[in-house]
2 protein chains.
Amino acid sequence: MTQTAFAREVSKEAREAKRMAILEAAAKIFNERGYHSTSMSDVADALGVSKPFLYYYLKDKEDLLYQCSRAATEQLHALLDEVRDAKVSGWQRLEMLFRRYVHVMTTDFGVCLIRNTAQGNMNPERRQKLWTGRRRLNREVERIVAEGIADGSIRSCDPKKLSFAMFGAFNWITFWYRADGPQKPETIADYFLDIFARGVVVPAGREDLNARP
Amino acid sequence: MTQTAFAREVSKEAREAKRMAILEAAAKIFNERGYHSTSMSDVADALGVSKPFLYYYLKDKEDLLYQCSRAATEQLHALLDEVRDAKVSGWQRLEMLFRRYVHVMTTDFGVCLIRNTAQGNMNPERRQKLWTGRRRLNREVERIVAEGIADGSIRSCDPKKLSFAMFGAFNWITFWYRADGPQKPETIADYFLDIFARGVVVPAGREDLNARP
DNA sequence: GGATTGTCCTACCAGCGGGTAGTATCAGCC
DNA sequence: GGCTGATACTACCCGCTGGTAGGACAATCC
């Protein structure tokens, strides 16, 4: 590796670091003020750079949103890989998955994905790419539920509806979670998973359960 | 009532009808394309009227979004009144509430409220008004949960977290529900409520439950 | 009939903000 | 020292869209 090639390599890394810095700053502002209420100048100002600086690293504004959301979906895919090979029951795999899922949804990229991607903010092509990513996650969860039903860890139910209910509860976190609030991501995950596991209704004739399960 | 007064009355009603027609058309388009991607001209065109026509009935664009969301919160308040006086257990009251809630969330106004209000699309004052409305609903649900715990129909838990989980699952409906899809609102409500009531995990040593509960 | 009021339109304005042209600066290379 | 390519800035443009001025038309009133 010549001196030049090394310099190029370093510069590649530097470039990537700057790109990520832009994405992080942008995601943060998008989540605070909303995508459409944020101008490119706002993002530039937050970073202490000029507007053309951004366009040196991005194609256009929409690309900025896309890359932020993309960062989140990449984390989600990594998460899937971690969970897939665990030798556990279906329900336990679901637990593993959503415990990690909460950690993504409590970061700026996760919030950005959920809150800004669903709307019609994206051109069809980019939107499609993100959707297939999340679609894959959906299918995977449905598959895991089916697996859980088969192995007897989950009671018989419609995987799609259970998946919608769980994703709903967990995605909604992005609308109320505050990093400086009292709730820690792990605690939220524990609580939600317990609700989905056991339900909240006291079985008839077992009101004694209310004291301590 | 003089002839004139009657005419005024009729005109009042006509005006209100037109206002609602505007709101319905607007909410529909907002939900399809997103608030910011919808221009006032789009709304006017959809109604076959001119842009100033809209401004004859509204203050500004944001007011349009506000009134759509407001229509939804009014339905939610009506819903609360229906539920409050029923002589049933805490859990049954929760069921009543969310069964009605689904019907609001599957209309354009409900969808509009959930998907466009959370973002920073609204000036602080109007935002505040909507928020206090939804806040009241939150508190009410937490109160009902507490009531359910007290009367033994709901097992001991943190009302706030259960409320977040349930609102999450039910609000998320606005992101995937399609009126022309296979799922009917009642079915969704039944299914989700069953999940929250009983949970989905098969208790250890009771794998036989899986066949039929 | 003339005045008034309510309703709605055509035609227009103005500012915001996404995006760019053109340039300055600097590091590495010969 | 000059050349090249990467990096980043100043200054600018222009289209879109929210919002309005002013007038047309009709019904009602006196």
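Quick note on labels: first sequence line is chain A, next is B, and so on, each numbered from 1. Computed from a prediction, not measured in an experiment: that's the story for all the values here.
- Checked by atom type and distance alone, the side chain of A:Glu62 pairs as donor or acceptor with a backbone atom of A:Asn123 at under 3.5 Å.
- With B:Ser69 as reference, B:Leu113 is the one residue of B:Leu113, B:Ile114, B:Asn116, B:Asn121 to meet the side chain to side chain contact (heavy atoms under 4.5 Å, CB included) rule.
- For the segment residues 27-40 of chain A, the set of residues with a heavy atom within less than 4.0 Å of an atom of DNA chain C comprises A:Thr38, A:Ser39, A:Met40, in numerical order.
- Atom CZ in B:Phe53 sits about 23 Å away from atom P in D:dG22, given to the nearest Å.
- Ion pairing of A:Arg155 with B:Asp194 is present here, as a side-chain N (NZ or NE/NH1/NH2) and a carboxylate O approach within less than 4.0 Å.
- Aromatic ring centres of B:Phe109 and B:Phe30: separated by at least 6.0 Å.
- Residues from residues 56-70 of chain A lying near DNA chain D, meaning a heavy-atom separation below 4.0 Å, are A:Tyr56, A:Tyr57 in numerical order.
- Between the base of D:dG19 and the side chain of B:Lys51 there is a donor-acceptor pair shorter than 3.5 Å.
- Nucleic acid contact for A:Tyr55: base, since at least one base atom lies under 4.0 Å from a heavy atom of the residue.
- Put simply, NZ on B:Lys18 is 14 Å from P on C:dG6, counting in whole angstrom units.
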Between B:Gln183 and B:Tyr191, does the side chain to side chain contact (heavy atoms under 4.5 Å, CB included) criterion hold? Intermediate values first, please. CA-CA 11 Å; B:Gln183 310 287 353; B:Tyr191 222 99; over 6 Å; no

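- Distances shown here put every side-chain N or O of B:Arg15 at or beyond 4.0 Å from the OP1 or OP2 atom of C:dG6.
- Note that OG1 of A:Thr132 is 12.0 Å distant from CG of A:Leu137, once rounded to the nearest 0.5 Å.
- Taking a cutoff of 4.0 Å between a charged side-chain nitrogen and a carboxylate oxygen, B:Glu24 and B:Lys28 do not qualify as a salt bridge.
- A side-chain N or O of A:Asp63 and one of A:Gln67 form a donor-acceptor pair less than 3.5 Å apart.
- Summarising the geometry, the separation between CG on A:Leu47 and P on D:dC9 is reported as 10 Å, rounded to the nearest angstrom.
- Of the candidates D:dC9, D:dA21, D:dG18, D:dC9 carries the atom nearest the A:Ser50 side chain, counting heavy atoms from C-beta on.
- For the pair B:Asp45 CG and C:dC9 P, the computed distance is 11 Å after rounding to whole Å.
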